[in-house]
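Note sheet for the following structure.
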Amino acid sequence: MQDILARAAQVRLMIFDVDGILTDGSLHYAPDGEMIKTFNVLDGHGIKLLQQSGVATAIISARRSAIVAKRAADLGVQHLYQGVHDKLEAFKELLAKTGTAREACGFVGDDVIDLPILLRVGFAASVPNGHGEVKSRVHYVTKANGGQGAARELCDLIMRAQGNYEAALAPYLK
């Protein structure tokens with residue numbers, strides 16, 4: 001656990017996949033073909049707290065969805081890449097845009113399309129319901145499943161590792 005905390009302490013930019021991470025991975029289609037996704041409010045508040053603690057956030061997703069753009073805007077996610085099938089290229093662009101070193105990045109993904117980033121960041125994470133090839137190659141697997149608090153668990157872990165967790169809670173403990 002010491003290695004995990006040391007890695008989490010270095011995160012300055014946390015990157016999230018969407019399907020299977022910020023959602024449970026299910027895709028629901030309305031009769032008109034519109035895709036519907038369900039997001040977890042605990043995850044969302046965790047992302048906001050992480051941002052307030054000084055960690056920038058990004059989303060890199062292979063799918064393109066207006067719902068994801070709306071959720072990212074609602075959460076204040078600074079960097080959004082959608083419809084990206086070469087996630088490594090998006091990651092490289094994000095690093096250049098932000099000036100962040102790859103070792104100062106965290107990424108959470110659940111499928112093999114995420115491996116090119118997971119193998120390059122300083123803090124790689126997945127979820128229990130992620131693909132086995134992914135889970136075997138990351139630094140940390142959350143206890144919570146994707147779409148059910150996994151992102152919040154990671155945000156809390158990073159804030160704890162950076163010594164910001166108590167400060168993030170302070171406004172709610174008055």
Inset, instruction - State, to 0.1 Å, how close G109 and S126 come at their nearest heavy-atom pair, and which atoms those are. - result: O-OG, 2.8 Å
Inset, instruction - Take I59 and Y81 through the side chain to side chain contact (heavy atoms under 4.5 Å, CB included) test and state the conclusion after the steps. - result: CA-CA 6 Å; I59 289 174; Y81 296 83; over 6 Å; no
Inset, instruction - Please check if the side chain of D19 supplies one atom and the backbone of S26 the other of a donor-acceptor pair under 3.5 Å. - result: no
Inset, instruction - Considering non-hydrogen atoms only, spot the tightest contact between C155 and L50 and give its length. - result: SG-CD2, 3.8 Å
Inset, instruction - Tell me whether I4 is reachable from I158 by hopping between hydrophobic residues (I, L, V, M, F, W, Y) whose side-chain heavy atoms are closer than 4.5 Å. - result: yes
Inset, instruction - Decide yes or no for L13 and L94: does some side-chain heavy atom of the first lie under 4.5 Å from some side-chain heavy atom of the second? - result: yes
Inset, instruction - Before accepting this row, confirm whether a basic side-chain N of the pair K97/E93 lies closer than 4.0 Å to the acidic partner's carboxylate O. - result: no
Inset, instruction - For residues C105 and L95, determine if any side-chain heavy atom of one lies less than 4.5 Å from a side-chain heavy atom of the other. - result: yes
Legend entry - Heavy-atom side-chain proximity of F91 to R120 below 4.5 angstrom: yes
Legend entry - Closest approach of V127 to D110 (non-hydrogen atoms, all atoms of both residues): CG2-CB, 4.0 Å
Legend entry - Interatomic spacing from CZ in R137 to NE2 in H131 - rounded to 0.5 Å: 10.0 Å
Inset, instruction - Work out which heavy atom in P128 is nearest to a heavy atom in V141; give both atom names and the distance. - result: N-CG1, 3.7 Å
Inset, instruction - Please test I15 against H79 for side chain to side chain contact (heavy atoms under 4.5 Å, CB included), starting from the C-alpha separation and ending with a verdict. - result: CA-CA 9 Å; I15 309 161; H79 309 281; over 6 Å; no
Inset, instruction - Starting at CD of E133, measure out to CG of D114 and round the result to the nearest 0.5 Å. - result: 13.5 Å
Legend entry - Separation between CE of M159 and CG of N164, rounded to the nearest 0.5 Å: 8.0 Å
Inset, instruction - Check whether any side-chain heavy atom of R71 lies under 4.5 Å from a side-chain heavy atom of V77, and answer yes or no. - result: no
Legend entry - Donor on one side chain, acceptor on other, Y140 and E153, under 3.5 Å: yes
Legend entry - Heavy-atom pair with the smallest gap, counting every atom of G130 and K135: O-CE, 3.4 Å
Legend entry - From CG (D111) to CG (D17), nearest 0.5 Å: 8.5 Å
Legend entry - V68 vs L80, side chain to side chain contact (heavy atoms under 4.5 Å, CB included): CA-CA, chis, key distance, verdict: CA-CA 9 Å; V68 172; L80 175 61; 4.1 Å; yes
Legend entry - Heavy-atom check, side chain of V18 versus side chain of T23, under 4.5 Å: yes
Inset, instruction - Report yes if some heavy atom in the side chain of V55 is under 4.5 Å from a heavy atom in the side chain of M14; otherwise report no. - result: yes
Legend entry - Over all atoms of both residues, closest heavy-atom pair of A151 and D43: N-OD1, 3.3 Å
Inset, instruction - Hey, could you give me the NZ/OG distance between K48 and S53, rounded to the nearest 0.5 Å? - result: 14.5 Å
Inset, instruction - Would you check if there is a donor-acceptor pair between the side chains of Q82 and S61 at a distance under 3.5 Å? - result: no
Inset, instruction - For the pair E166 and R160, evaluate side chain to side chain contact (heavy atoms under 4.5 Å, CB included) and give the outcome as yes or no after the intermediate values. - result: CA-CA 8 Å; E166 293 303 321; R160 281 189 175 104; over 6 Å; no
Inset, instruction - Spell out, yes or no, whether V108 and M1 are grouped together once hydrophobic residues are joined by side-chain heavy atoms under 4.5 Å, including indirect joins. - result: yes
Inset, instruction - Kindly indicate whether the side chain of K87, heavy atoms from C-beta on, has any atom under 4.5 Å from the side chain of I113. - result: yes
Legend entry - Rounded distance (nearest 0.5 Å) linking atom CD1 of I67 with atom CG of D74: 12.0 Å
Inset, instruction - Kindly indicate whether the side chain of V134, heavy atoms from C-beta on, has any atom under 4.5 Å from the side chain of L118. - result: yes
Legend entry - I21 reachable from I47 in the ILVMFWY side-chain graph, under 4.5 Å edges: yes
Legend entry - Sub-6.0 Å ring centroid separation between F107 and H139: no
Inset, instruction - Look only at the side chain of Q10 and the backbone of E103, and say whether a donor-acceptor pair between them is shorter than 3.5 Å. - result: no
Legend entry - Ring-face cation of R7 near F123 (centre distance under 6.0 Å, axis angle within 45°): no
Inset, instruction - Answer yes if Y165 and V11 sit in the same cluster of Ile, Leu, Val, Met, Phe, Trp and Tyr residues linked by side chain heavy atoms under 4.5 Å apart, and no otherwise. - result: yes
Inset, instruction - Check the hydrophobic clustering (I, L, V, M, F, W, Y; side-chain heavy atoms under 4.5 Å; chains of links allowed) and say if I117 and L154 are grouped together. - result: no
Inset, instruction - Could you verify whether a donor N or O on one side chain and an acceptor N or O on the other, from Q78 and T57, lie under 3.5 Å apart? - result: yes
